[in-house]
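Side-chain atoms are counted along with the backbone in the values below, which use heavy atoms only and exclude waters and symmetry mates. In what follows, chains carry the letters A, B, and so on, assigned in the order in which the sequence lines appear, proteins first and then strands, with residues in each chain numbered from 1.
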There are 2 protein chains.
Amino acid sequence: MTVSRAANEAAKAQHPARKDAEDASIELGELSELLGYTLKRAQLKIFEDFLRCMAPLQLTPAQFSVLLLLDRNPGRNQTEIANTLGILRPNFVAMLDGLESRDLCARIRSVNDRRSHHLVLTDKGKAVLARAKKLVAAKHEARLNELLGADNRAALVGMLAKIAEQF
Amino acid sequence: MTVSRAANEAAKAQHPARKDAEDASIELGELSELLGYTLKRAQLKIFEDFLRCMAPLQLTPAQFSVLLLLDRNPGRNQTEIANTLGILRPNFVAMLDGLESRDLCARIRSVNDRRSHHLVLTDKGKAVLARAKKLVAAKHEARLNELLGADNRAALVGMLAKIAEQF
DNA sequence: TGATAATTGTTATGCATCATATCAAAATAG
DNA sequence: CTATTTTGATATGATGCATAACAATTATCA
């Protein structure tokens, strides 16, 4: 599980009285100004919190993104969905297997092109997605707005999107 | 290699005239407003560019961060360095083996505590780090400033650091 | 002091992610 | 009709990340 790392840190925090005690704490130096470094660390934290908020539904960020896409774009095939999410087709197969085995989505053989599958959410899938959205909004994103402020949060997302697209 | 994905995309870009052609392009929906999603994608792009810039020195972001830390904090042991970088000690062993086999750093048995190693950069390690810093500044970070502007870039790093620490 | 516990580096191992090659079935191009 | 391409799928390997366990060493404390 992904909580273990946090639990590990928490365990250390309970023993501040040791030779351990950060021993003249280490200098990060230019590391703290490196975008890649902060980016990676922030991403891990965000995913960790996402998993925590989504624990009752047992959805990973990747799975959530698939459900969102299928909801907005019903009937697309695996290649299309996988491509827009940056998932390689071979790896997307097992992922879909998992969602399908939980009856969250379904593969429907296309009549036009019998190689491909139309992907759709099941009713259960739609229900789970609706609950998931609420959890994300209420627990995850709300906490972000609290930490950064709505304006800053929007600006942050904007800059990240710009990097993701134009870099 | 990590370039292959980009090469793959490039290959597709050369064939815009297919049934493929993004076929009434897929709606991202609320995905584009999800911080976790943009964060992950931006992080991948940044790491990809970092690797490209650092190709002549063959340093990964993780390796670069280790060299930086060793430079600023010579004589620390493996546990200390690994902990501050969020690397688990078992995984740090192989990583150090790699750097040490390239003569970039060295493990020096401590006389006070013969269990631990003092970690230091070799002369070659210092030289490589110096070149690496220049590459990062000239190629990588410069491009970011160009895309976002220096002020926005600083604000971005600040917000990410806040998330990484306080979330 | 001496028995017990904790720490350090290490190995082994498992799981998840990611990437490539390859394949059969089906569709498309020429 | 033949050759190529596309789709979903399988097998496979590399890498990152996490846990358990171990020997050597050090710290704790009764």
Side-chain angles (χ1 to χ4, degrees), chain A residues 1-9 11-12 14-15 17-21 23 40-41 43-44 47-48 51 60-63 65-66 76-83 85-98 100 105-119, chain B residues 1-9 11-12 14-15 17-21 23 40-41 43-44 47-48 51 60-63 65-66 76-83 85-98 100 105-119:
Chain A
M1 294 302 149
T2 323
V3 194
S4 50
R5 290 300 311 280
N8 197 10
E9 300 295 323
K12 295 195 61 170
Q14 292 176 347
H15 289 269
R18 271 296 186 284
K19 182 188 177 182
D20 186 30
D23 211 356
K40 180 78 180 286
R41 305 224 90 170
Q43 187 259 316
L44 290 176
F47 269 46
E48 189 182 307
L51 284 174
T60 67
Q63 290 172 325
S65 69
V66 170
R76 297 296 190 147
N77 66 29
Q78 300 182 195
T79 299
E80 290 170 322
I81 299 295
N83 276 345
L85 287 178
I87 302 174
L88 295 174
R89 275 75 77 212
N91 299 328
F92 193 51
V93 174
M95 202 176 158
L96 263 191
D97 289 346
E100 203 177 16
C105 71
R107 298 184 232 224
I108 303 178
R109 295 229 77 101
S110 168
V111 285
N112 308 325
D113 187 339
R114 290 189 320 203
R115 292 170 298 181
S116 64
H117 299 146
H118 293 308
L119 300 180
Chain B
M1 292 304 149
T2 321
V3 194
S4 49
R5 290 299 310 279
N8 198 10
E9 298 296 323
K12 294 196 61 169
Q14 291 176 349
H15 289 270
R18 271 294 186 284
K19 182 186 176 183
D20 186 30
D23 209 356
K40 180 80 181 286
R41 304 224 92 168
Q43 187 257 317
L44 289 175
F47 269 47
E48 190 182 307
L51 283 174
T60 68
Q63 291 173 324
S65 68
V66 170
R76 297 294 189 148
N77 66 30
Q78 298 182 196
T79 299
E80 291 171 319
I81 298 296
N83 276 344
L85 287 178
I87 302 172
L88 295 173
R89 274 75 77 214
N91 299 329
F92 192 51
V93 173
M95 201 176 158
L96 263 190
D97 289 347
E100 202 177 16
C105 71
R107 298 184 232 225
I108 304 179
R109 294 230 79 101
S110 168
V111 286
N112 309 324
D113 187 339
R114 290 188 319 201
R115 292 170 299 182
S116 65
H117 298 147
H118 293 308
L119 300 180

Look at the side-chain N and O atoms of [X] and state whether any lies under 4.0 Å from the OP1 or OP2 oxygen of [N].
{"X": "Lys40(B)", "N": "dC18(C)", "result": "yes"}
{"X": "Gln78(A)", "N": "dA9(D)", "result": "yes"}
{"X": "Thr79(A)", "N": "dG8(D)", "result": "yes"}

Separation of [N] [atom2] from [X] [atom1] (nearest whole Å):
{"X": "Asn77(B)", "N": "dT26(D)", "atom1": "CG", "atom2": "C1'", "value": "13 Å"}
{"X": "Asn91(B)", "N": "dT19(D)", "atom1": "CG", "atom2": "C1'", "value": "10 Å"}
{"X": "Arg89(B)", "N": "dA12(C)", "atom1": "CZ", "atom2": "C1'", "value": "17 Å"}
{"X": "Ile81(A)", "N": "dG8(D)", "atom1": "CD1", "atom2": "C1'", "value": "14 Å"}
{"X": "Leu96(A)", "N": "dT17(C)", "atom1": "CG", "atom2": "P", "value": "14 Å"}
{"X": "Leu85(B)", "N": "dC17(D)", "atom1": "CG", "atom2": "C1'", "value": "15 Å"}
{"X": "Gln63(B)", "N": "dT15(D)", "atom1": "CD", "atom2": "C1'", "value": "12 Å"}
{"X": "Ile87(B)", "N": "dG9(C)", "atom1": "CD1", "atom2": "C1'", "value": "15 Å"}

With 3.5 Å as the limit, what N/O pairs link the protein to nucleotides 21-25 of chain D?
from: dT25(D); atom 1: O2; to: Arg115(B); atom 2: NH1; distance (Å): 3.4

Item to check | Residue whose nearest DNA chain C nucleotide is more 5′ - Val111(A) or Thr60(A) | outcome: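 Its nucleotide being nearer the 5' end, the pick is Thr60(A).
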Checklist entry - Toward the 5' end of DNA chain C, which comes first, Ala62(A) or Ser110(A), by nearest nucleotide? => result Ala62(A)
Answer yes or no: is there a side-chain heavy-atom contact under 4.5 Å between [X] and [Y]?
{"X": "Met95(A)", "Y": "Gln63(A)", "answer": "yes"}
{"X": "Leu51(B)", "Y": "Pro61(B)", "answer": "yes"}
{"X": "Cys105(B)", "Y": "Leu96(B)", "answer": "yes"}

Checklist entry - With distance as the sole criterion, is a donor-acceptor pair present between the side chains of His117(B) and Arg109(B) under 3.5 Å? => result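 Note: His117(B) and Arg109(B) side chains meet the donor-acceptor criterion.
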Checklist entry - Axis-to-axis angle across the helix from dT1(C)-dA30(D) to dG30(C)-dC1(D), five pairs an end, to 10 degrees? => result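 Result, rounded to 10 degrees: 20°.
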Rounded distance [0.5 Å steps], [atom1] in [X] versus [atom2] in [Y]:
{"X": "Leu88(A)", "Y": "Asn83(A)", "atom1": "CG", "atom2": "CG", "answer": "8.5 Å"}
{"X": "Asn77(B)", "Y": "Arg89(B)", "atom1": "CG", "atom2": "CZ", "answer": "10.0 Å"}
{"X": "His118(A)", "Y": "Glu80(A)", "atom1": "NE2", "atom2": "CD", "answer": "9.5 Å"}
{"X": "Gln78(B)", "Y": "Ile87(B)", "atom1": "CD", "atom2": "CD1", "answer": "11.0 Å"}

